[in-house]
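Order of the sequence lines fixes the chain letters, A, B, ..., with proteins taken first and strands second; residue numbering starts at 1 for each chain.
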Protein chains: 2
Amino acid sequence: MTTGTIHNINTWLTQINNDFKAAVSVDCVIFGYDDDALKILVSKCDMPPFEHEYSLLGDIVHPDETTDESAKRVLIAKTGFTDVFLEQVQVFSDLNRHPLGRVITVAYFSLIKIDKDHLDHLEKNAHLQWLDVNEIRSLAFDHFNIMHTCLRKMQKQIREQPIGFNLLPKNFTLLQLQRLYEVVLNIVLDKRNFRRKLKGLGILKDIGEIEEAVSHRPARLYTFDESVYENKKVTGFNFEL
Amino acid sequence: MTTGTIHNINTWLTQINNDFKAAVSVDCVIFGYDDDALKILVSKCDMPPFEHEYSLLGDIVHPDETTDESAKRVLIAKTGFTDVFLEQVQVFSDLNRHPLGRVITVAYFSLIKIDKDHLDHLEKNAHLQWLDVNEIRSLAFDHFNIMHTCLRKMQKQIREQPIGFNLLPKNFTLLQLQRLYEVVLNIVLDKRNFRRKLKGLGILKDIGEIEEAVSHRPARLYTFDESVYENKKVTGFNFEL
DNA sequence: CCAAAAGTGTTATATTTACACCCATGC
DNA sequence: GCATGGGTGTAAATATAACACTTTTGG
């Protein structure tokens, strides 16, 4: 192919041939943290040849929405949460990744709090299920690959930005936060160093309350102080642990 | 919209309606470093209403190629280089981003060495031009936005991985390398600390030669030792400056 | 001899790591 | 009283930051 003859969508191409159109979808890796495990929300897949696999939650992108909007729509529809942390990760476009034909998908990951209200909602979607990321051996389509890519990106991002709070209840103890990092990153953290680091960042607010109904000394409860974070962010911020 | 009624491309949807197909393109932010400036390769745009703007190099994604392959094809066609550093950045899918209709684009950035052979090749593509990223005020379509997003991602990545070498000749002096970082990141670096840091990383190989034809004390020439980097990468590597 | 970049070490400061004990609560 | 996690400080090691002069080459 010579340089003079290739199409160029940014110059003299004047119409788009139908042969060059593709279906575009979004797929969401929805992370939740529960029971000291990192989980993702999946759905039973009933499309051959993946009838006995689980798949990520996704949908085709509608003509009147961006891919970000599409991913948000999927999340709201499936989880009921309207205010979700959502991050675009990567396009997957292998030619035969989907049995319906050419489907180019944009992968997203999302972090949500698994709570009682949420579980009630999920009961209406009996086909949905939480899987421990460490126990997943395969998923439908190329979703195992997508899940892994999103997991790596999330692990990187959780070290650089305070996004882990999205996985915890509004108020949490320092040990809960530490365990979250340990589980997500598969590492062991030193309690004192972890606490010093987080208090030093100044993004935690002691809400002046303590745990209730625990069979040990109750811990103080903290919340993520987003306003402090927003102020510091501009000057640079290192969340490394 | 209720949860029971949304489409789901991963379950019971059995065909893809043409109304749900879109044109998919790739757009490449091709970075080059020359004359102590970071530049990008652009093309004169002749599509209304952007006749007097420059645009990124891109093309529609063909039915028989992934988006990565598509981006690589554009790069080879426009620059002649077959072995290019290429990184997927993000999807841009605003509804009216392209005058031909719905075009969802996948943005990539690429790092290449600007050298004489390259310039010879470009002369055959008279519509191509290098623009200093600091002097660009606008580009066609949403390309200014795309360029900025790619620039930020590249700046982040160059601090974490030794990708800067892709912008330099095979052999280079330490000062050239330092200037590259200073220009790309808009920072000032300390010469001694920079040298200590890089020598400590062990990824530079002194090739035993010196600069020629310079009107000052000639500097040693180094090259990037990829094999050492590949070995170290698995154990973790911090390229922060 | 002048201009231009090459090349080189030390000290102070900040950050990170490693590590052990007493405390409060429920049962 | 015992099991469980809550909560705290210090010292060593490492990494980062600041800083100035002599050397070598070409013109």
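Enclosure of atom CZ in R97(B) by more than 12 non-hydrogen atoms of other residues, nucleotides or ligands within 6.0 angstrom is indicated. With a 6.0 Å radius and a threshold of 12 heavy atoms from other residues, nucleotides or ligands, E226(A) has its CD atom at or below the threshold. Residue H216(A) qualifies as enclosed at atom NE2: its count of foreign heavy atoms under 6.0 Å is above 12. Summarising the local packing, NZ of K153(B) is surrounded by more than 12 heavy atoms from other residues, nucleotides or ligands at distances under 6.0 Å.
The nearest whole Å value for the distance from the CG atom in L221(B) to the C1' atom in dT25(D) is 15 Å. As rounded to whole Å, 11 Å separates atom C1' of dT10(D) from atom CG of N193(A). dT25(D) atom P lies 7 Å from atom CZ of R217(B), rounded to whole Å. Straight-line distance from the CZ atom of R179(A) to the P atom of dG6(D): 8 Å, rounded to whole Å. Atom CD of E211(A) is separated from atom P of dG26(C) by 11 Å (rounded to the nearest Å). To the nearest angstrom, C1' of dT16(C) lies 18 Å from NZ of K199(A). In this entry the distance linking NZ of K191(A) with C1' of dG9(D) reads 14 Å, nearest Å. Here dT8(D) presents its P atom at 14 Å from CG of D190(A), a figure rounded to the nearest Å.
OP1 or OP2 of dG7(D) has at least one side-chain nitrogen or oxygen of R195(A) nearer than 4.0 Å. A close approach under 4.0 Å does not occur between any side-chain nitrogen or oxygen of K197(A) and OP1 or OP2 of dT17(C).
When each of Y222(A) and R196(A) is assigned the nucleotide of DNA chain D with its nearest heavy atom, Y222(A) is the one assigned upstream, toward the 5' end.
Among the heavy atoms of the strands lying under 4.0 Å from R220(A) are primed sugar atoms or P, OP1, OP2 only; no base atom is included.
Under 3.5 Å, the side chain of R192(A) and the base of dA20(C) form at least one donor-acceptor pair of N or O atoms.
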